[in-house]
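Only one structure is covered here, and it is reproduced in the block below.
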Amino acid sequence: MSSIKTVNPATNQVEKEYPVMSDQQIEAILADADKAFQSWRKTSFATRAKLLHRVAEILRERKVELGKLCSIEMGKLHREGIGEVELSANIFDYYAENGEKFLADHSLETPQGKAFLSYEPIGVLLSVQPWNFPFYQITRSAAPNIMAGNTVVLKHASNVPQAAEIMEKIFAEAGAPKGVYTNLFVPGSKVSDLVADPRVK
């Protein structure tokens, strides 16, 4: 595969085209994600929640534009695309508001002594997503995992590259440190190599 393309299903016209990333570009993205994890994992829940709330705000501000993008890339009705973006914003807010509670230590009953269950972030997560809900599919993996202190690298479906690109830009606009959320323009054949990388958990 020489490029990743948006092909409008209504017209069969190529709307936008992206070159497949080189091995060097992929390596740089994974290195940045791993480096970002070392600091992001230590951030407060309040810091993480602030980022997710801001992502939600931007999604709502741009819902008409993003809804239209759903139509152009994968043929969704415009009103349904707007609804998907609104749902995604609600999910980001949900994890921002509830993540700290979900991830709090839990006491465990034991016959002797004391014990508790603690949740810890694990590292760089590779999110491989399908095309049918281009923003919701991203959101349902990114929101809880970034709130948990992990970093996310996205390999979205190859027919919705603009949705993938714009989500990375939204995270950057919302104030995400470099490497916390990054998009990869690669074909599905690259996924096995990405999964095999020891930095990807």
Side-chain angles (χ1 to χ4, degrees), residues 21-62 66 85 87-106 116-129 133-157 160-161 163-186 190-191 193-201:
M21 289 179 170
S22 67
D23 290 343
Q24 291 78 14
Q25 288 173 303
I26 295 168
E27 167 57 30
I29 286 170
L30 291 179
D32 285 342
D34 187 54
K35 181 179 178 181
F37 171 68
Q38 305 311 321
S39 56
W40 187 248
R41 69 194 303 258
K42 300 174 185 175
T43 57
S44 66
F45 285 116
T47 296
R48 299 174 200 168
K50 182 179 179 181
L51 172 64
L52 295 194
H53 278 312
R54 182 61 187 133
V55 169
E57 288 176 1
I58 296 169
L59 287 172
R60 291 190 182 97
E61 290 165 3
R62 300 177 67 177
L66 299 176
V85 174
L87 172 61
S88 298
N90 291 342
I91 292 169
F92 276 107
D93 279 337
Y94 176 80
Y95 283 104
E97 291 160 10
N98 294 286
E100 182 173 5
K101 176 179 66 179
F102 293 157
L103 296 166
D105 291 348
H106 295 286
F116 66 94
L117 175 66
S118 183
Y119 297 97
E120 298 289 339
I122 61 172
V124 180
L125 302 183
L126 173 64
S127 178
V128 182
Q129 296 298 335
F133 291 91
F135 291 107
Y136 166 74
Q137 299 287 13
I138 295 172
T139 298
R140 69 188 185 91
S141 66
N145 284 303
I146 288 174
M147 188 64 192
N150 298 302
T151 58
V152 172
V153 174
L154 171 74
K155 184 272 181 270
H156 213 334
V160 289
E165 178 185 49
I166 205 164
M167 202 65 179
E168 180 180 325
K169 290 180 177 178
I170 287 170
F171 265 96
E173 183 182 340
K178 182 180 181 181
V180 167
Y181 179 90
T182 318
N183 172 60
L184 286 170
F185 285 129
V186 294
K190 284 281 189 180
V191 170
D193 290 340
L194 291 166
V195 171
D197 190 293
R199 291 166 294 189
V200 173
K201 305 305 179 186

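When reading the values below, keep in mind they use all heavy atoms of this one structure, side chains included, and skip hydrogens, waters and symmetry mates. By convention here, the first residue in the shown sequence is residue 1.
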Would you indicate whether the side-chain heavy atoms of [Y] and [X] approach each other to under 4.5 Å?
X      : Y      : value
Thr151 : Lys35  : no
Leu87  : Ile91  : yes
Glu61  : Ile58  : yes
Gln25  : Phe185 : no
Met167 : Leu154 : no
Phe135 : Ile166 : yes
Leu194 : Leu184 : yes
Val153 : Val200 : no

Any donor-acceptor pair under 3.5 Å from [X] side chain to [Y] backbone:
X      : Y      : value
Trp40  : Gly179 : no
Lys178 : Asp32  : no
Glu168 : Asn183 : yes
His53  : Ala96  : no
Asn150 : Val124 : no

Within this structure, what is the [atom1]-[atom2] distance for the pair [X] and [Y], rounded to the nearest 0.5 Å?
X      : Y      : atom1 : atom2 : answer
Leu52  : Tyr94  : CG    : OH    : 13.5 Å
Asn98  : Met147 : CG    : CE    : 9.0 Å
Leu59  : Asn90  : CG    : CG    : 10.0 Å
Gln129 : Thr139 : CD    : OG1   : 9.5 Å
Asp193 : Asp23  : CG    : CG    : 8.0 Å
Met21  : Glu27  : CE    : CD    : 13.5 Å

Excluding sequence neighbours, so at least two apart, what forms salt bridge (charged side-chain N to carboxylate O under 4.0 Å, His left out) with Glu97?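 Here no residue qualifies.
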How far apart are the closest heavy atoms of [X] and [Y], and which atoms are they?
X      : Y      : value
Pro121 : Arg41  : CG-CB, 3.7 Å
Ala56  : Asp93  : CB-OD1, 3.4 Å
Pro134 : Ala163 : CB-CB, 3.9 Å
Leu103 : Tyr119 : O-CD1, 3.7 Å
Lys155 : Val186 : NZ-O, 3.1 Å
Glu173 : Arg62  : OE1-NH1, 3.7 Å

One pair to check against side chain to side chain contact (heavy atoms under 4.5 Å, CB included): Ile170 and Leu66. What are the steps and the verdict? CA-CA 11 Å; Ile170 287 170; Leu66 299 176; 4.1 Å; yes
With side chain to side chain contact (heavy atoms under 4.5 Å, CB included) as the test, would you mind laying out the steps for Ile138 and Tyr181 before giving the verdict? CA-CA 11 Å; Ile138 295 172; Tyr181 179 90; 3.0 Å; yes
Would you tell me whether Gln137 and Arg140 have side-chain atoms, one donor and one acceptor, within less than 3.5 Å of each other?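 Yes - a donor-acceptor pair under 3.5 Å links their side chains.
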List the steps and the verdict of salt bridge (Lys or Arg N to Asp or Glu O under 4.0 Å) for Glu57 and Arg60. CA-CA 5 Å; Glu57 288 176 1; Arg60 291 190 182 97; over 6 Å; no
Residues which pass ring pair (Phe, Tyr, Trp, His ring centres under 6.0 Å) with Phe37, listed by chain and number, not counting sequence neighbours: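 Scan of Phe37 (ring pair (Phe, Tyr, Trp, His ring centres under 6.0 Å), adjacent residues dropped) gives none.
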Are Lys201 and Asp34 ion-paired here, with the side-chain N under 4.0 Å from a carboxylate O?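 Salt bridge: no.
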Classify the ring geometry of Phe102 against Tyr95: parallel below 30°, tilted from 30° to 60°, perpendicular beyond 60°.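 Geometry flag for Tyr95 against Phe102: perpendicular rings.
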